[in-house]
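To start, the structure itself, in C-alpha cells.
By convention in this document, chain letters (A, B, ...) are assigned in the order of the sequence lines, proteins followed by strands, and residues within each chain are numbered from 1.
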Protein chains: 2
Amino acid sequence: MDRVSTIKDVAKLANVSISTVSRVLNGTTPVSKESSDKVYKAVEVLDYKPNAMARSLISKKTMTIAVIIPNLSNLFFPELLRGISKAVEKEGYFLIICNTDYSSEKEEKYINQMLERRVDGFIIVSSSISNEKLTQMLKGKTSVVFVYSYADFGYNIMEDGIKATYDATKYLIHMGHKKIACIGWRFKGVNVRYMGFRKALEEFNVDFRNEYVIDCGYSKEEITNNTIKLLKMKDRPTGIVAFNDDTAIAIMMAAKDMGIKIPEDLSIIGYDNISISNILLKPLTTISVPIHKMGINAGKKIIQIIDNSISYSDTYREEYIPYELIERESVKSMDIDS
Amino acid sequence: MDRVSTIKDVAKLANVSISTVSRVLNGTTPVSKESSDKVYKAVEVLDYKPNAMARSLISKKTMTIAVIIPNLSNLFFPELLRGISKAVEKEGYFLIICNTDYSSEKEEKYINQMLERRVDGFIIVSSSISNEKLTQMLKGKTSVVFVYSYADFGYNIMEDGIKATYDATKYLIHMGHKKIACIGWRFKGVNVRYMGFRKALEEFNVDFRNEYVIDCGYSKEEITNNTIKLLKMKDRPTGIVAFNDDTAIAIMMAAKDMGIKIPEDLSIIGYDNISISNILLKPLTTISVPIHKMGINAGKKIIQIIDNSISYSDTYREEYIPYELIERESVKSMDIDS
DNA sequence: GTGAAAGCGCTAACAA
DNA sequence: TTGTTAGCGCTTTCAC
C-alpha cells in the first residue's frame, strides 16, 4: 500500500509552511492567492487527504454516533436504522453500528469501546443493561438518546407504558377469545408489554395461565420450538399476543408447518407493524408504531443534544411513541361460532 | 459534560510517569506490581478510558471498516450487512455505514470521507461509480472488497455473469410465456442481469419488445408507477423478470391493487431470495443467492486482506456467487390453457 | 500574510 | 523497572 501523504509532504512540495497549508485547507485565515494556488496544486498532486483522527484529537469532535442495537434480523431494527441514518447523514455525522445480540456483556463492552473512540453521542436501542450500570457508564459523560430502554437520564423515546399491549390483548378479548397466550420477554424496556397483557386479562376477567406465557429468546429456533410446544398443548390457546411482529411471523410459520390455520384455528396479533407485515401470507393484525419516524427523531435529537451540549439535567425527557391498532387478517372473531 | 481524563491525569494521580501508565495498560513491558496497582487504582478512580484516536494516530490502525451500500430499504442489504457484521465483530472491527442512495456523487463523497478517517478497509456494495474513478480513488491506497460491483482491482464478489437471469427468463419461457417483461436497471454491476434477460429471449426466439423493459428507479413509488403503466398496456406481458426481490414485491403489491392476480393473471420471478420472499402473500419464485454467507465472506475477506496487507495485485480475484432457482408460487405454467 | 512552536493524547525508543 | 523525549498529523496561538 502506498504511503499516504501528510500535511508535511504538501507543505514541502508547495514550499510553504504547514500552517499555511492548514490555513488554505480550512479557510481560517486569509492566505495569499499565490500560496493557496501552490497548496492546491500540491494537494492535487499528492492526492492529500487530511487525517480525520489528527483533526479530531484537536477538535474533540469525531462526527460519529454509536448505535447500540440488539440485531439486524428483526426487521424493526433496520427500519429504525434507516430513519436514524437519514436524519444524521444530512448533518454530516456517521453511524457506527454495534450489534449486541441482546447480550448485556456485549452491550457493555461495546459502549466502553465507543467511549474510547470518543463518539459524539449514543443511540441505544432496547438496552439490556441495568439503569445503575447505564448511569455509571454514561451519565454526564456523553450525549445519549435511548429508544425503548427506559433509562432515568438522557432523552428517552419510549412506549406509552403498558397501554399498547393492553389494547392488543383487549382486542383479542373483545373478539371473543378466552384462551390467550403471550410470547415475548420480561426484561427492562419490553417488560411493559407483558404488564399490559396481564392488566387486560385481569381487567376483563380472563383466566391467566402460566403455561400460556412464553418467555422466549430471540432466535427463530427458540421461538419456533416454544410455539410448537405451546400449540401442542391439549388445551391450546385460540389467540396469541406476540410482543413483536418478528415473533408473530415466526409463530405464523410454525403454525403453518403444523397445519394450523391462521386465523381460523389460531388468531395472532403482533407489535411494531414492520413494513412487511401487510404483505405476508396472512396480513398481520398488529400494533402499529412509526418506526421510521422514531429513527428520524432519535437521529435529530441526538444531534441537537450534541450541538447544544445540553447537560443531562436539561435533556432528560420522555417522548412517547404514538401507536394504533391495525386490523388486518390474522385475528378471527370467536363470537360467531362459539 | 465532565472533562474526560487523560493518561496524564492517571499518571499524576498514581504518581508515576505516563509511560508507566501506558505500559501497564498495554502490557508491553514488565512493570512492578506496586506501580501497576497504583495505576489500576487511578484508572478506576478517574474512570479513565484511553483515547482510541490518539492510539490510532500512532498505530495507523482504526479497527474500522467502511461499508458503502446503496440503502437499507431493500432487505437484501440489511441481510448482507448482518453477515458482514458477524464476520467482522469477532475480529474486533467495527462497521461504519454509508448509505449512497444509489447516487454516485454521494458514494464518491463518502469514500473520500472514509479515506480521511483512515478506515482499515472498504466493503463496497453495488457501486455506481465508474471503474476509472474507483481505481483512481482507491487502488493501491487501501484494502477493498467489492460486492456486485465489478471493479478491475480488489477482491470481487460477483454473480456468475449473466447466467442467473438467463435461467430465470428461460424458466418463464419454458413455462410457456411468450410475452415477458423485465424490470431493473442497466448500470455497472446489475447490468449483467439485463444481459442475461436479453440472451434468453434471443436464444429461445421470444420476441424482445422495448416497451417491456422497465429501466426504473429504486423507490417504491417509481417501481409502482412503472408497473402500473406496464400492466395497463393493451397487450401486457404475462410474465415479469424482476431484477431483485424488492422490486418483485413492489410489483406484486401494485398488481394486487389493480386486481391482477398472481400467478393466474401475471407470473413473476424475482432475484435474491431475501428471507421474507417465502412468507409473502404469494411466495415468490426467485433466484436464490446466499446473501448472509456472502456478507460473511466479504467480512472475512476484507480482514484477511487488511491483516496480511496483501497488495492489490495479489488480492485481485473474483469470487462467483452460486445461485439456484427456487420454485414457489408466483409463476404459472401457460401450457395448460394456452 | 506567514512561519515557528506548542500541544491534542498517546506509544515507543532511549537512557538511566 | 522507570522516566524523559520524540513524534503520530494536525490546528492554533504567537511573533514577525
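- Side-chain N/O atoms of A/S19 and A/S22 include no donor and acceptor closer than 3.5 Å.
- Here the P atom of nucleotide C/dC8 and the CE atom of A/M53 are 18 Å apart, to the nearest Å.
- If B/S19 and A/S36 are placed on DNA chain C by their nearest nucleotide, the residue sitting closer to the 5' end is A/S36.
- One atom, CG of B/N15, and another, P of D/dG3, lie 8 Å apart when rounded to the nearest Å.
- One can place CZ of A/R55 at 8 Å from P of D/dC10, the figure rounded to the nearest angstrom.
- Contact check of residues 20-30 of chain A against DNA chain C (heavy atom, cut-off under 4.0 Å) returns A/T20, A/R23, A/T29, A/P30.
- Residue A/K12 qualifies as open at atom NZ: its count of foreign heavy atoms under 6.0 Å is 12 or below.
- Judged purely by atom type and a 3.5 angstrom limit, B/E319 has no side-chain atom pairing as donor or acceptor with the backbone of B/M158.
- Distances from the side chain of B/V31 to the nucleotides D/dT12, C/dC10, D/dT2 place D/dT2 closest.
- If you check every strand for non-hydrogen atoms under 4.0 Å, B/S35 touches sugar and phosphate atoms only.
- Checked against D/dG9, D/dT2, D/dG7, the side chain of B/L57 finds its nearest nucleotide in D/dG9.
- In this structure, B/E34 places its CD atom 12 Å from C1' of D/dT2, rounding to the nearest Å.
- Of the candidate nucleotides C/dG3, D/dT1, D/dG3, D/dG3 has the atom nearest to the side chain of B/S17.
- For the pair A/I58 CD1 and D/dT12 C1', the computed distance is 8 Å after rounding to whole Å.
- When the C1' atom of D/dG9 is taken as reference, atom CZ of A/R3 falls 11 Å away, rounded to whole Å.
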Problem set entry | Trace of the salt bridge (charged side-chain N to carboxylate O under 4.0 Å, His left out) decision for A/K106 with A/D101 | CA-CA 8 Å; A/K106 275 198 190 177; A/D101 261 327; 3.1 Å; yes

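- Distance from the side chain of A/R118 is smallest for C/dC10 among the nucleotides D/dC10, D/dC8, C/dC10.
- A/K49 has no side-chain polar atom (N or O) that falls below the 4.0 Å cut-off from OP1 or OP2 of D/dG9.
- Using a distance-only test at 3.5 Å, with no hydrogens or angles considered, a donor-acceptor pair links the side chain of A/D9 to the main chain of A/T6.
- Under a 3.5 Å cut-off, the side chain of B/S149 and the backbone N or O of B/S127 do form a donor-acceptor pair.
- Whole-Å rounding puts the A/K8 NZ to D/dA6 C1' distance at 11 Å.
- Ring centroid separation for the pair A/F76 and A/Y148 comes in under the 6.0 Å cut-off.
- Within 4.0 Å (heavy atoms only), B/T6 reaches sugar-phosphate atoms of the nucleic acid but no base atom.
- Counting to the nearest Å, the C1' atom of D/dG9 and the CG atom of A/D9 are 10 Å from each other.
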